[in-house]
Amino acid sequence: NAGVTQTPKFQVLKTGQSMTLQCAQDMNHNSMYWYRQDPGMGLRLIYYSASEGTTDKGEVPNGYNVSRLNKREFSLRLESAAPSQTSVYFCASSRKNTEAFFGQGTRLTVV
Amino acid sequence: QKEVEQDPGPLSVPEGAIVSLNCTYSNSAFQYFMWYRQYSRKGPELLMYTYSSGNKEDGRFTAQVDKSSKYISLFIRDSQPSDSATYLCAMSTTGGGNKLTFGTGTQLKVEL
């Protein structure tokens, strides 16, 4: 009963380094999302993929890129990390017009 | 002004109390309404999901949606220390890729 699996769980990067956050879901959902959560800001949408082969920007896309590798997997890439990208990142998935299910998060610190 | 407003708390109540959590919103196109519970250092987990206006009950939890007032509520009866968490409201429209817009969350502490 894995649901939504994110890797890694923790990461520390130096400013300017790059990394990819991985997400996979086993619920056969069409839609997948990347959110970031910061104190006092709630969850903010970075990018989403309504279906395999499509991606769209959310509220805070600058500094990020995404790839919908297949129906199961949706990755988030930071090309040149900045301290402002220190956050907790959550991946989620859903069927159309239904509730979203979340992974356990990736805690990223950029120093 | 944010699309979804939620009092951040913290809210502290004694065990057994009835808890009322609320969100207001400005986008009249929202049709789907959700409440998530998030424990510290964990991902949000879905508590309640409702479509359009009305009430929905699940055990000790009741969700209410009043679209005319753009106001949603979550009631927790007989609150327990294990209910201590942050509660997030979320909502979405029928189109737009099912994107969820979240409130900032209300931190709840239920004390013995």
Side-chain angles (χ1 to χ4, degrees), chain A residues 1-7 9-10 21 23 25 27 29-61 66 68 74 87-107, chain B residues 1-10 21-25 27 29-52 56 58 61 63 65 72 74 85-107:
Chain A
N1 232 21
V4 179
T5 303
Q6 291 182 235
T7 56
K9 288 185 170 51
F10 303 93
L21 282 65
C23 176
Q25 53 93 6
M27 294 175 282
H29 287 165
N30 287 322
S31 301
M32 298 185 73
Y33 315 85
W34 278 104
Y35 287 86
R36 61 178 287 175
Q37 187 173 36
D38 303 291
M41 303 292 290
L43 283 152
R44 293 182 293 168
L45 183 65
I46 304 170
Y47 270 93
Y48 69 101
S49 172
S51 61
E52 187 178 354
T54 68
T55 60
D56 285 288
K57 295 178 181 179
E59 182 184 355
V60 289
V66 291
R68 183 75 182 265
F74 190 38
S87 188
V88 182
Y89 291 85
F90 287 101
C91 178
S93 71
S94 72
R95 294 191 305 273
K96 185 178 179 182
N97 293 332
T98 66
E99 64 272 34
F101 294 87
F102 285 79
Q104 289 302 296
T106 296
R107 291 185 172 274
Chain B
Q1 186 185 357
K2 293 181 179 177
E3 273 193 302
V4 179
E5 298 279 359
Q6 185 174 8
D7 187 334
L21 303 166
N22 310 295
C23 288
T24 58
Y25 63 94
N27 186 350
F30 286 137
Q31 295 280 353
Y32 302 89
F33 303 92
M34 286 139 274
W35 286 96
Y36 286 84
R37 178 175 63 195
Q38 186 176 24
Y39 292 114
S40 181
R41 297 184 168 266
K42 298 291 186 181
E45 57 177 327
L46 182 72
L47 271 180
M48 301 288 282
Y49 171 78
T50 54
Y51 169 68
S52 196
K56 185 174 182 178
D58 184 1
F61 299 91
V65 175
I72 70 170
L74 178 71
T86 296
Y87 290 79
L88 300 151
C89 64
M91 43 200 83
S92 66
T93 63
T94 53
N98 200 43
K99 296 175 291 182
L100 294 179
T101 301
F102 283 84
T104 52
T106 299
Q107 187 178 350

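Throughout, a chain's letter reflects where its sequence line sits, starting with A, and its residues are numbered from 1. From a predicted model like this one, the values you see are computed outputs, not experimental measurements.
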Legend entry - Residue Lys9(A) excluded, over 12 heavy atoms near NZ under 6.0 Å: no

Legend entry - Closest non-hydrogen atom pair between Glu99(A) and Met34(B), with its separation: CA-SD, 3.8 Å

Inset, instruction - Write down the atom of Phe90(A), the atom of Lys42(B), and the distance for their closest heavy-atom approach. - result: CZ-O, 3.7 Å

Legend entry - Proximal component of Arg107(A), with respect to chain B [non-hydrogen, under 4.5 Å]: side chain

Legend entry - Engaged part of Leu43(A) at the chain B interface, taking heavy atoms whose separation is under 4.5 Å: both

Legend entry - Backbone N/O of Leu100(B) and side chain of Tyr35(A): donor-acceptor pair under 3.5 Å: yes

Inset, instruction - For chain A, find which of Glu45(B), Gln6(B), Arg41(B) contributes the most heavy-atom pairs closer than 4.5 angstrom. - result: Arg41(B)

Inset, instruction - Sort Tyr51(B) into side chain, backbone, both or neither according to what part of it lies under 4.5 angstrom from a heavy atom of chain A. - result: neither

Inset, instruction - Let me know if Pro8(B) has heavy atoms under 4.5 Å from chain A in its side chain, its backbone, both or neither. - result: neither

Inset, instruction - For residues Lys99(B) and Glu59(A), determine if any side-chain heavy atom of one lies less than 4.5 Å from a side-chain heavy atom of the other. - result: no

Inset, instruction - Give, for atom CD of Gln37(A) and atom OG1 of Thr104(B), the distance between the pair rounded to the nearest 0.5 Å. - result: 10.0 Å

